[in-house]
Amino acid sequence: MPSFEYVLLTIIGCGLVTWLSRVLPLVLLKKFQLSPKVTEFLAFVPITIMAALWFENLFTQRLGHLPITNWDNIWASVPTVIAAIITKSLLWIVIIGMASLVIINHL
C-alpha cells in the first residue's frame with residue numbers, strides 16, 4: 001500500500017475513533033437516568049482534568065533529573081487563577097491566561 005493511502009486511512013481511522021468515543025457515550029447515556037451521586041461525581045471530571053493539565057505545565061521534565069520549575073507558566077498562572085475566581089468564565093480564563101503568557105514571554 002502506498003504511503004499516502006496508509007496515512008490517509010490512519011487519519012480517517014483516528015478521526016472515527018475520536019468521534020465515536022465522544023458520540024457513543026452521549027447516545028447511550030440519553031437512554032439511562034444516572035443516579036445523583038454519579039452525576040455529582042462526573043461534575044468534577046472537567047475540573048480535575050484542567051487542574052492536571054495546568055499542574056503538568058508548571059514543571060519541565062528531563063529524563064534522569066528532578067523536574068525544573070517553569071517560572072513563566074507560574075507567573076502567567078497568577079492572573080489566570082485570579083480571573084478564574086472572579087469571572088468563572090472559561091472564555092475569560094483562556095484569554096487572560098494566553099495574554100499573560102504572551103506578555104511574560106515578551107518581557
Side-chain angles (χ1 to χ4, degrees):
M1 179 182 316
S3 179
F4 176 76
E5 291 176 7
Y6 181 74
V7 171
L8 184 63
L9 287 176
T10 303
I11 291 171
I12 291 171
C14 289
L16 185 65
V17 168
T18 302
W19 182 75
L20 281 176
S21 69
R22 285 162 173 60
V23 172
L24 197 58
L26 180 67
V27 170
L28 292 176
L29 289 176
K30 279 177 103 176
K31 297 179 181 181
F32 299 105
Q33 180 66 29
L34 297 175
S35 71
K37 287 190 178 202
V38 172
T39 305
E40 182 181 352
F41 171 76
L42 290 176
F44 289 105
V45 171
I47 297 167
T48 311
I49 291 172
M50 289 303 294
L53 290 171
W54 170 65
F55 190 75
E56 176 188 15
N57 286 310
L58 296 181
F59 301 99
T60 303
Q61 299 184 105
R62 290 188 306 154
L63 190 61
H65 298 281
L66 291 173
I68 299 171
T69 306
N70 189 334
W71 287 105
D72 290 345
N73 287 351
I74 289 177
W75 288 117
S77 295
V78 173
T80 307
V81 169
I82 293 170
I85 292 169
I86 293 172
T87 66
K88 294 179 179 56
S89 166
L90 184 59
L91 177 66
W92 283 109
I93 294 168
V94 170
I95 290 172
I96 291 173
M98 290 174 64
S100 60
L101 192 58
V102 167
I103 291 169
I104 288 171
N105 283 334
H106 281 85
L107 290 179

Mind checking whether Val27 and Leu20 sit in one hydrophobic cluster, side chains of I, L, V, M, F, W, Y counted as touching below 4.5 Å?
yes
Joint hydrophobic cluster, Phe44 plus Val38, side-chain heavy atoms closer than 4.5 Å
no
Quick one: which residue pairs count as a side-chain hydrogen bond (donor to acceptor under 3.5 Å, both in side chains) with a foot in residues 40-59, not counting sequence neighbours?
Trp54-Ser77
Summary of side-chain hydrogen bond (donor to acceptor under 3.5 Å, both in side chains) pairs that have at least one residue in residues 15-31, sequence neighbours excluded:
none
Taking only residues two or more places apart in sequence or in another chain, which ones pass side chain to side chain contact (heavy atoms under 4.5 Å, CB included) with [X]?
X: Phe55; value: Leu58, Phe59
X: Ile11; value: Val7
X: Ala76; value: Ser100, Leu101, Ile104
X: Ile49; value: Val45, Leu53

So, taking the atom named CG in Leu16 and the one named CG in Leu9, what distance separates them when rounded to the nearest 0.5 Å?
11.5 Å
Hey, could you give me the CG/OG1 distance between Asn73 and Thr60, rounded to the nearest 0.5 Å?
7.5 Å
Heavy-atom count check: over 12 atoms from other residues, nucleotides or ligands less than 6.0 Å from Leu63 CG?
no
For Ile12, which fellow cluster members are found when Ile, Leu, Val, Met, Phe, Trp and Tyr are connected by side-chain heavy-atom distances below 4.5 angstrom, either directly or through intermediates?
Phe4, Leu8
By the rule that ILVMFWY residues connect when side-chain heavy atoms come within less than 4.5 angstrom, directly or transitively, which residues belong alongside Leu24?
Leu28
Donor-acceptor contacts, no H, no angles, side chain residues 86-99, under 3.5 Å, sequence neighbours left out:
{"from": "Thr87", "atom 1": "OG1", "to": "Ala83", "atom 2": "O", "distance (Å)": "2.6"}
{"from": "Thr87", "atom 1": "OG1", "to": "Ser89", "atom 2": "N", "distance (Å)": "3.3"}
{"from": "Lys88", "atom 1": "NZ", "to": "Ile85", "atom 2": "O", "distance (Å)": "3.0"}

